[in-house]
Number of protein chains: 2
Amino acid sequence: MSERATLTARGLARQEALIETATDLFLGKGFDAVSVDEIVAAAGGSKTNIYRQFGNKTGLFTAVVERMSQEFLSPLDQLVLGPVDLEIGLQILGRTLLGQLLTPKHIAFQRMVIASSVQFPDLMTHWYEVGPRRSQSIFRSQIEKSSGAPELAVLFHDMLVTEPVTRAMMGRPMAAEDVEAHIQSAVRLVISGV
Amino acid sequence: MSERATLTARGLARQEALIETATDLFLGKGFDAVSVDEIVAAAGGSKTNIYRQFGNKTGLFTAVVERMSQEFLSPLDQLVLGPVDLEIGLQILGRTLLGQLLTPKHIAFQRMVIASSVQFPDLMTHWYEVGPRRSQSIFRSQIEKSSGAPELAVLFHDMLVTEPVTRAMMGRPMAAEDVEAHIQSAVRLVISGV
DNA sequence: CCAAAATGATACTAAATCGTATCAAATCGG
DNA sequence: CCGATTTGATACGATTTAGTATCATTTTGG
């Protein structure tokens, strides 16, 4: 019986290297287009590691996505705003959120999640819960403080995020100053509705 | 030299059947997960058709996507609004647009376009031009008639479309009455900003 | 009605790839 | 320091699949 869930120091290091390498490859080409041999060649070690530690290719993919979902928890969760004006508050929240969403890594992640939502449906649902939904709920509490209607939060989120993210996903990202102007427009509009 | 670009009646029929069958399969499983043999088995005829009429699997995929892009030209392009109130106008436009975007076929199409944007980058750009961009421009002319700022068009489009479409893509579509309420909210907010 | 051309069925090649098995090397515990 | 266990390298089997080639069948056009 050589079947043990033992974790040697070396084994852990390999596991780490595998996840990181696999992350880059999966983000770059998608689940199907990356072969197990390719991952091993780039990470070192051998296929034995993958199949003993993650079961199979899908297991590794799941581990990769879970790790990234952690990393991409809505950045607004940690941000604590003092008592600020609604306009200023929404600007800060918006800037913070877009700052993370527009990183190349997050753009690739979002694309990958949508792409694999046929094969792995739960993945997209989970991402949506810990990402957009959470961000919306932060917006909601901020807006409700100024007695705005709760549905404004979703509307604000979508008009803030969609255009810049879509542009980035197409490989035609907006210039930083255009993003800033976009934030201003979105904030102005939602405030006019409070 | 039996290399001719001849189009027999039977040949055209097969071409048609191939495109339609391939459309369903590609929409359902994505480019990579559909094999050429699978398409042929479902469409009738034989692989010869695909490789003589479309060159290779990619050629067939391109034909499928081009056909669908035609089909999914922004439905607002044909719609001619008489002289109506801005509120009524935006409601009609919004309802018409969502009516098309929320069909299962369009949801699958959008998912497929994003999914294959790594392998086929031009595809997403083209879809964006003939779809969202065009819709936004119709919104823009409607809004400018009431002397609203042009950037409101993009904001309105995104807050109208994003939430219902994302929900549908996750397999958790909004109820029809919720969609209608959503349209109302979006229209109300954009009007408050004109 | 018949030859020429197009279409259809199918066998086949070559390559990729997942997962396993086998054996060698490094590492750990006592 | 040594035996047991974990990790590494690699060969291998089995399967899938894109694209080609070959030959039979149907259609077309004169």
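Atoms CG (B:L25) and P (D:dA18) sit 12 Å apart, rounded to a whole Å. One interatomic measurement links the two molecules: CG of B:L18 to C1' of C:dT7, which rounds to 12 Å at whole-angstrom precision. Per the geometry, CD belonging to B:Q53 stands 16 Å off P belonging to D:dG19, to the nearest Å. Between B:D37 atom CG and C:dG8 atom P the separation is 15 Å, expressed in whole Å. In this structure, the CG atom of A:L60 is 11 Å from the P atom of C:dC18, given to the nearest Å. Taking atom CG of residue B:D32 and atom C1' of nucleotide C:dC18, one finds them 16 Å apart after rounding to whole Å.
Judged by closest nucleotide on DNA chain C, B:S46 is the one of A:K57 and B:S46 placed further toward the 5' end.
Counting only heavy atoms from C-beta outward, the side chains of B:F61 and B:M112 approach each other to under 4.5 Å.
For B:K47 against C:dG8, a side-chain-to-base donor-acceptor contact under 3.5 Å is absent.
The listed nucleotides are D:dT10, C:dT7, D:dA18; the one nearest the side chain of A:T48 is D:dT10. Checking C:dC18, C:dG8, D:dT7 against the side-chain heavy atoms of A:R52 singles out D:dT7 as nearest. Comparing C:dT10, C:dG19, D:dA9 by their closest approach to the side chain of A:N56 singles out C:dG19. For B:Y51, whose side chain is taken as the heavy atoms from C-beta onward, the closest listed nucleotide among C:dC18, D:dA18, D:dA9 is D:dA18.
A donor atom on one side chain and an acceptor atom on the other are not found under 3.5 Å apart for B:R67 and B:Q70. For the 3.5 Å distance criterion, the side chains of B:Q184 and B:E180 qualify, holding a donor opposite an acceptor.
Applying the 4.0 Å criterion to OP1 and OP2 of D:dG8, one finds that A:R14 has a side-chain N or O inside that range. When the side-chain nitrogen and oxygen atoms of A:N49 are compared with OP1 and OP2 of D:dG8, one or more of them lie within a distance under 4.0 Å.
Below 30°, between 30° and 60°, or above 60°: for A:H157 and A:F139 the angle between ring planes is between 30° and 60°, a tilted geometry.
Residue B:L73 is not grouped with residue B:M68 when hydrophobic side chains (ILVMFWY) are merged at heavy-atom distances under 4.5 angstrom, including chains of intermediate members.
Here B:V40 lies out of heavy-atom contact (under 4.0 Å) with every strand.
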